[in-house]
Amino acid sequence: MNQCPEIEVKNLTKNINSKPILFDINFKLNHKSHLVIIGGSGAGKSMLMKCILGLQSLNGGKVYFKGDNVCRRNERSEFLKKIGVCFQGNALFDSYKVWENIAFEKIYVKQLMSKKIARDNAVAKLLEVGLPTETADLYPFELSGGMQKRVGIARAIFSSPDILFFDEPTTGLDPLMSRKIIALIKEIMSNSMKSAITITHDINLALSLASEILLLHEGHVEWSGPKTQITKTRSKLIKEFLKGTIR
């Protein structure tokens, strides 16, 4: 019996002020898969993620989570409980300590656990992402960019989600730190056996993390398939990405 995809996007279309941004997008995220969506600036990558997460409404199509249509309010609420998101800019609150940022939703939004338990759990996640215990009581502005990225990842995995989303996880980092963050994401995915979607313009990151790759170009899917097939495609755009000539 075939397992239902973790996420399935069918005929997704998005317009802004009557201008088409995304055209008839279709793909599946299977269990224990890591789909990396690549594309140049303005290709529609971030908009696609926002549409999947419900941060933007759709003009057409559907998004399914384990077979349920998450465009409906009740299903979307359940979907959001099952995902973790690491945002491009980390989206950390400078007025809250690191551990409070990591556990923010549980203690301030939904009030689902005590602050003591939340802090203990947050410290455990900090250790998972390679940060020392004392980081918990610092504020985000006291951390380097690489440390802030690790805190963002710790927050994404805090609730042990079924699916992780990484939005441009290496943007703004130097090459050495980028390699460390990629290695960390690979380790997290390997240990958790979860599914993930990563948005990036970095083909090296895509080749390192992905099991499947989808190339967006001017709002439509130019190519998609297993990472192992990407070098065999005749797509001119894919070849340009592999050469590093598109940003």
Side-chain angles (χ1 to χ4, degrees), residues 2-16 19-53 55-56 58-67 70-71 83 85-88 163-171 178-179 181-182 185-186 189-190 194-247:
N2 292 332
Q3 190 170 26
C4 187
E6 296 287 279
I7 291 178
E8 184 170 9
V9 173
K10 290 185 176 182
N11 309 118
L12 187 153
T13 299
K14 175 63 181 177
N15 303 328
I16 295 182
K19 179 183 178 181
I21 302 298
L22 297 170
F23 309 80
D24 197 31
I25 306 294
N26 292 273
F27 67 83
K28 295 179 182 178
L29 174 70
N30 294 312
H31 187 54
K32 298 181 182 179
S33 292
H34 195 152
L35 172 68
V36 176
I37 300 173
I38 61 175
S41 299
K45 304 185 301 297
S46 294
M47 179 58 72
L48 177 56
M49 178 176 279
K50 290 175 182 177
C51 287
I52 295 170
L53 296 175
L55 300 176
Q56 289 282 342
L58 308 184
N59 292 100
K62 298 287 188 295
V63 178
Y64 297 89
F65 171 62
K66 298 183 178 181
V70 298
C71 298
I83 65 173
V85 183
C86 182
F87 296 98
Q88 179 176 346
I163 303 172
L164 287 164
F165 289 83
F166 298 98
D167 185 8
E168 298 282 6
T170 58
T171 294
S178 293
R179 289 195 292 271
I181 293 300
I182 291 171
I185 293 173
K186 288 180 70 172
M189 297 309 302
S190 177
K194 303 294 186 181
S195 303
I197 293 178
T198 293
I199 302 290
T200 186
H201 64 270
D202 185 343
I203 187 63
N204 294 317
L205 182 152
L207 293 174
S208 181
L209 293 180
S211 53
E212 304 277 337
I213 293 177
L214 182 151
L215 171 62
L216 272 185
H217 178 64
E218 295 181 350
H220 70 273
V221 178
E222 171 73 16
W223 183 89
S224 65
K227 176 178 66 175
T228 54
Q229 297 298 312
I230 195 169
T231 57
K232 301 175 183 179
T233 179
R234 295 182 179 181
S235 167
K236 181 180 178 181
L237 279 170
I238 284 288
K239 291 178 180 179
E240 290 176 350
F241 257 97
L242 291 172
K243 293 177 182 177
T245 56
I246 292 182
R247 303 300 286 176

Undergrad: Using side-chain hydrogen bond (donor to acceptor under 3.5 Å, both in side chains) as the criterion, list what pairs up with N59, not counting sequence neighbours.
TA: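 N59 satisfies side-chain hydrogen bond (donor to acceptor under 3.5 Å, both in side chains) with no other residue.
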Undergrad: L209 and V36: which non-hydrogen atoms are nearest, and at how many Å?
TA: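 Closest pair (atom of L209, atom of V36, distance): CB-CG2, 4.3 Å.
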Undergrad: Side-chain contact, heavy-atom cut-off 4.5 Å: C51 with V63?
TA: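 The answer is no; the side chains never approach within 4.5 Å.
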Undergrad: Under the side-chain contact (heavy atoms from CB on, under 4.5 Å) rule, collect the residues that match up with E212, sequence neighbours excluded.
TA: L35, P226
Undergrad: Go through the structure and list residues passing side-chain hydrogen bond (donor to acceptor under 3.5 Å, both in side chains) with T170, not counting sequence neighbours.
TA: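 Applying side-chain hydrogen bond (donor to acceptor under 3.5 Å, both in side chains) to T170 gives none.
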Undergrad: List the residues meeting side-chain contact (heavy atoms from CB on, under 4.5 Å) with T13, not counting sequence neighbours, and say none if there are none.
TA: N15
Undergrad: Mind running side-chain contact (heavy atoms from CB on, under 4.5 Å) on N26 and V221 for me, showing each step along the way?
TA: CA-CA 8 Å; N26 292 273; V221 178; over 6 Å; no
Undergrad: Between L207 and K227, what is the shortest heavy-atom contact and its length?
TA: O-NZ, 2.9 Å
Undergrad: For the pair K45 (side chain) and G40 (backbone), establish whether a donor and an acceptor sit closer than 3.5 Å, ignoring hydrogens and angles.
TA: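 Such a contact is found between K45 side chain and G40 backbone.
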Undergrad: So, S33 side chain and S195 main chain: donor-acceptor pair closer than 3.5 Å or not?
TA: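 Checking the backbone N and O of S195 against the side chain of S33, no donor-acceptor pair under 3.5 Å is found.
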Undergrad: Which pair of non-hydrogen atoms, one from K10 and one from Y64, has the smallest distance, and what is that distance?
TA: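 It is CD-CE1, 3.8 Å.
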Undergrad: Walk me through whether I83 and L53 qualify under side-chain contact (heavy atoms from CB on, under 4.5 Å).
TA: CA-CA 9 Å; I83 65 173; L53 296 175; 3.4 Å; yes
Undergrad: If the condition is side-chain contact (heavy atoms from CB on, under 4.5 Å), which residues does K50 pass it with, not counting sequence neighbours?
TA: L55, Q56
Undergrad: Would you mind reporting whether I185 and F166 have side-chain heavy atoms less than 4.5 Å apart?
TA: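 Contact flag for F166/I185 side chains = yes.
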Undergrad: Any side-chain heavy-atom pair from L58 and L12 closer than 4.5 angstrom?
TA: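 SC-SC contact between L58 and L12 confirmed.
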Undergrad: Side-chain contact, heavy-atom cut-off 4.5 Å: I25 with L216?
TA: yes
Undergrad: Taking the side chain as C-beta and beyond, is there a heavy-atom pair between F165 and I199 under 4.5 Å?
TA: no
Undergrad: With sequence neighbours excluded, what pairs up with S208 under the side-chain contact (heavy atoms from CB on, under 4.5 Å) test?
TA: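 Residues passing side-chain contact (heavy atoms from CB on, under 4.5 Å) with S208: I182, K186.
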Undergrad: If you define the side chain from C-beta out and look only at heavy atoms, does anything of D167 sit under 4.5 Å from S46?
TA: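 SC-SC contact between D167 and S46 confirmed.
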Undergrad: Take I37 and M49 through the side-chain contact (heavy atoms from CB on, under 4.5 Å) test and state the conclusion after the steps.
TA: CA-CA 9 Å; I37 300 173; M49 178 176 279; over 6 Å; no
Undergrad: Please report the C-alpha distance between S41 and H201 in whole Å, then the side-chain angles of each, then the deciding distance to 0.1 Å, and finally whether the side chain to side chain donor-acceptor pair (under 3.5 Å) criterion is met.
TA: CA-CA 8 Å; S41 299; H201 64 270; over 6 Å; no
Undergrad: Can you sort out the partners of K66 under salt bridge (Lys or Arg N to Asp or Glu O under 4.0 Å), two or more places apart, ordered by chain and number?
TA: D162
